[in-house]
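Below, read A as the first sequence line, B as the second, and so on, with proteins coming before strands; counting in each chain starts at 1.
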2 protein chains.
Amino acid sequence: MKTADPELMRAINRFNVLDTIRRHGPISRVEISERTELSTTTVSAITASLLDDGLILTRHEGDIRNAAARGRPRVMLELNPEAARVVGAKIAANRMVFAVTNFRGEVLSNLTLPIRVDRQPIAVIADLIEDGVRRCVVDADLSLDDIDSICIGLPGVVEHRTGHVRSSPIFRETNVDFASEMTSRLDVATIVESDAHAITLAHHWFGRARDLDDMVLVSLEQTLGLGVLHAGQLFRGAGGLSHNLGDLVLGVGRSETIRLSMLAGEKAILGEHAMDGRFAEAVRLGRGMTHAQTLIAAEDDALIAAASRAGEAIGLAVANIVTLFGPPRVVIVGSSLSLGTVFVESIGRSYRDAIPPSISTVAELVFDESADETWAQGAAVVALCELYESPWGTTGPAPAL
Amino acid sequence: MKTADPELMRAINRFNVLDTIRRHGPISRVEISERTELSTTTVSAITASLLDDGLILTRHEGDIRNAAARGRPRVMLELNPEAARVVGAKIAANRMVFAVTNFRGEVLSNLTLPIRVDRQPIAVIADLIEDGVRRCVVDADLSLDDIDSICIGLPGVVEHRTGHVRSSPIFRETNVDFASEMTSRLDVATIVESDAHAITLAHHWFGRARDLDDMVLVSLEQTLGLGVLHAGQLFRGAGGLSHNLGDLVLGVGRSETIRLSMLAGEKAILGEHAMDGRFAEAVRLGRGMTHAQTLIAAEDDALIAAASRAGEAIGLAVANIVTLFGPPRVVIVGSSLSLGTVFVESIGRSYRDAIPPSISTVAELVFDESADETWAQGAAVVALCELYESPWGTTGPAPAL
DNA sequence: CCATTTATTCCCCAATGCGGATTAATTCAG
DNA sequence: CTGAATTAATCCGCATTGGGGAATAAATGG
C-alpha cells in the first residue's frame, strides 16, 4: 500500500504538469495552471524544478493568443527533446523494426530488418535484436550510453511487471525472462511489452486516440492482440498480463474449441493460398496481406470468402470487448487491414449485428493501417512512460521496483 | 484532473486506515501502522480524528498477542457499527430482497418479497421497492431518517455514475434515471448498481474473495452478470457501465447471433419445461432452479442435456474473461448453481478445455451458492463504499459529485 | 515500589500547495 | 518618448500534512 506523503503529492502534480506540457505542445504556465487546476504558484514551482532538471525548455516566441496581446507575454514551455533517448522495437515473425526516439517520442532513426525469426532459439533472436538496437542507435548518431531505456514489443502474452514472456509465437520456449536477457546484453534498462500495448500507446500519444483517455485497441497481425487504455493508462490484467485476443473462444466445434486466431489469424485467412509459390514468397517477406489484397482485387473468390469470414469473427470479438469494457472508441490496426474493404466492411457489419442494442451507440470503430515504424515508436513510448513516472529528482538510473 | 493537495493526501491515508480497521477487525494502532506503512504518529492523528467523528470505537480488551504481554497494552480499534446505516436491495424478476446493515456491513434486518415485478411500469416497481425499503427499515427498529444511503442492485446494464439504468430485464423502458426516482421518493441518497457488482463486493468484504484485491465474479441468474475487482475497487468500464455477460456473443447461427444468454440464461436451461404446470408454478415462485435440480436428480434427460450445454457455454465465457483479465480467482455465483453437479462440472470441464494452456494456471474457479440476503448485503456494501470515500470531515449529508 | 517494556502522544521539522502582494515585461495612449 | 494599463510570473507567509525522536502512559516482573 503506497503511503501518501508530500513526496507522492509532488510526484503526482509533477507528472500531471509534465504530461500536460507533453500533450499540449508549447504551453504557458498560465494555461498549465488552468488545465491542471493547480495554482499558478505551484505550477511555477514545479516548472522551475523541471527546467532545473533539464526536462523542459522555455521558448519566448509563439504566444498565439488573440492579436491584442497586452501585458507581459507568456513564456512557452515544451519538452526538452534532449532530456532522454529511448529505443523501441517491434518484433514480428518475419521482421524486426526499431526506432530511436527523443524525450518527445519523435523518431530520430529507424530500421527495419526483414528477417524471419520465429521459432529460432532465444539466443539467436536476442542476438538479432541486440544487433538491430545497436545499429539503429548508431544510425541516430548516438551511442548506447546515450540511451536511457529500451522497450521490446513482442506478440503474445507478456508479463510486463516481471519482464517475462509467457508465450509468444516467435519463441519456442515459454516463460522466458526476456527483459533480463536483453538488459544484460545491452547494459541498458530494457523492458518487455506486448506489441498491442505498444501500438495502443502510440495511438494515444500520436494517433487516433490522442483526444481520449479511455479506449480499446485491437491489433490484427499474425497474432491478434488487445490494448485497453483506462484513465490514460494501459490496463494490464490483474497480474500485469497482456491480453491475447487470439485465444478468445468463439464456439466449440466437433472435437475442438474454435479460437479467434483459427478464424482470423493471418494463416487462417490466407489458408491454402499460402502454399502457392509466388504467394508463399510474399508471405515470407511479410507482404502476404498486401499480396492477398491484389488477389482480392482480382476477385479471387476463395480469398474473398476467407477475408469475409475472418472479418465476421473479428466483428463478434470486438462486440464482446465493447460489451465488457464499454470504451468510447475502438481503434483497429494491423497488417490484416491491407486486405481492403471486403475485410473491413465485414468487420463493421458483423460488429453492428452483434453489438447489443442497449450499447450500440457507446463505441465508435476506427480503422488505421499503422506503419511498422509507428509500432516501434509505440514501444519507445512505453519506455518513455516508465521514465515519466519514475522519481526524477533522485538521480538513480536504476528504477528498482 | 484531480489536483493533489494536502487534503487529498489526508483523504487517502484516512481511507486506508479506515479500510484497514474494517478488514482486520479490532486492531491496534501499532498494527495499523505496520500494515499501512504509515508512521505511528500519523496513524495516531488519523485515528483520533476517526474517533472524533464517531466512525470507530476503542476497545480495551482483546489484546491477543503472545501471553507474555509486557508493556502498555494495545488499545484495539474497530468500526463503530452505529456510525451509519444503509439499505441494500436486490431486485430480481420474481423477488425483491432488502437488507439494512450497520456501518460494518452487518445485517440488522432483512426482508424478502416474493413478488414478480418484471415488465411492470417503472412507477409500480418503484412503489414496491419503496415499500420494501420502508418495511425493512422499520423491521430494524429504525426510521428512514436514520438511513444514510441506499443502494438498489438491479440486473442489466447500469450506469453507476449517473444512476441511469440503460437496460434491464425488469424494466420495460430503457435509460431510466432510477437513482433520481428513488431518491426523491425516499428522500435519502439512493444509488443504483448492477446486481453483479453488488455480489462482487459482498464476496470481497465477507465471502470467497476476502483475501484478494483482484478477482472476477460471474453471476448466473436470470441475467448473466460480471463483476471485476481491480486493485480493491470495482472496475467499471470506461463510462461507468456495468458489464452484461449475457450479451456476449458465442457465435453466429444461421440467421442470428448466438448470445450467451440464449444458451445459459434461466429460460434457455429450463426451456419447454417451463411450460409444464407444476414447473411453471415453481419458476413463478423463483424456485425454478431448485425444482430443476430435483428433476435432474430424477434423471430427466432433456434437462440434464440443457444444463450441460449451458455449463459448456459458461465455461467458454469464463475462459474468455480469464484471457482478458487474468484474475487469480473467478467466483461463480447465482441461482443457476442449484442445478447441481451436472451444471457445475460442465462449466469446469468446458473451462479447462477452453482456457489457453499458457494461462491455465492463472485463475482458480470457485463456486458459491450465495443466499439472496448476501446479494442485498452486497448492495449495502456498495452504499457503504461510497460513504467511506466521501470527505467525512465535512458534515454535508449530500455528497454532491 | 521501582525498573522494564511497550503503546501512544507530544513537539518540532521539512515539504507541499495556496492566496495575496510584488515584481517583470509587454502594449497602448498621449 | 514616457507613463498608465495589463497580464505573467514570482515571492512571502500561512495552514496542512507526514515523519522522527523525545516524552508520557500503562501495563508486568521482581
Problem set entry | Ring geometry between A:Tyr388 and A:Phe15 (parallel below 30°, tilted from 30 to 60°, perpendicular above 60°) | perpendicular
Exercise. Is the distance from OP1 or OP2 of C:dT4 to the nearest side-chain N or O of B:Arg70 less than 4.0 Å?
Worked result: no
For this session: Examine C:dA24: is either OP1 or OP2 under 4.0 Å from a nitrogen or oxygen in the side chain of A:Arg72? Give yes or no.
Result: no
Exercise. Can you find an N or O donor on one side and an acceptor on the other, under 3.5 Å apart, linking the side chain of A:Thr41 with the base of C:dG19?
Worked result: yes
For this session: Establish, yes or no, whether a centroid distance under 6.0 Å links the rings of A:Phe235 and B:His230.
Result: yes
Exercise. Within less than 4.0 Å of OP1 or OP2 of C:dT8, is there a side-chain N or O belonging to B:Arg29?
Worked result: yes
Exercise. Would one find a side-chain N or O of B:Ser39 under 4.0 angstrom from OP1 or OP2 of D:dG18?
Worked result: no
Seminar exercise, completed: When rounded to whole Å, the CZ to C1' distance for the pair B:Arg59 and C:dT8 reads 20 Å
Exercise. Could you state the CD1-P distance from A:Ile12 to C:dG17, rounded to the nearest angstrom?
Worked result: 10 Å
Exercise. Nearest nucleotide by nearest heavy atom, which residue falls closer to the 5' end of DNA chain C, A:Pro6 or B:Glu31?
Worked result: B:Glu31
For this session: Would you kindly give the CE-to-C1' distance between A:Met9 and C:dA14, to the nearest whole Å?
Result: 12 Å
Problem set entry | B:Asp187, CG atom: more than 12 neighbouring heavy atoms under 6.0 Å | no
For this session: Measure from the side chain of A:Pro73, starting at C-beta and using heavy atoms only, and say which of D:dT17, C:dT26, D:dA9 lies closest.
Result: C:dT26
Problem set entry | C:dG17 phosphate, OP1 or OP2, under 4.0 Å from A:Arg10 side-chain N/O | yes
For this session: In whole angstrom, give the distance that lies between atom CD1 of B:Ile32 and atom P of D:dG18.
Result: 14 Å
Seminar exercise, completed: All heavy atoms of A:Ser33 vs all of A:Leu38, minimum pair found to be OG-O, 2.7 Å
Exercise. Can you check the A:Arg74 CZ to C:dT27 P distance for me, whole Å?
Worked result: 15 Å
Exercise. Is the distance from OP1 or OP2 of D:dT17 to the nearest side-chain N or O of B:Asn13 less than 4.0 Å?
Worked result: no
Exercise. Just how far, in rounded Å, is P of D:dT16 from CG of A:Leu8?
Worked result: 21 Å
Seminar exercise, completed: Separation of C:dT26 atom P from A:His60 atom NE2, nearest Å, is 9 Å
Seminar exercise, completed: Of A:Ala48 and A:Ala4, the one whose nearest nucleotide on DNA chain D sits closer to the 5' end is A:Ala48
Exercise. Are OP1 or OP2 of D:dA8 and a side-chain N or O of A:Ser33 less than 4.0 angstrom apart?
Worked result: no
Exercise. Can a cation-pi geometry be assigned to A:Arg104 and A:Trp205, taking NZ or CZ under 6.0 Å from the six-membered ring centre and within 45° of the ring axis?
Worked result: no
Exercise. Over how many whole Å does the gap from A:Glu34 atom CD to D:dA9 atom P extend?
Worked result: 11 Å
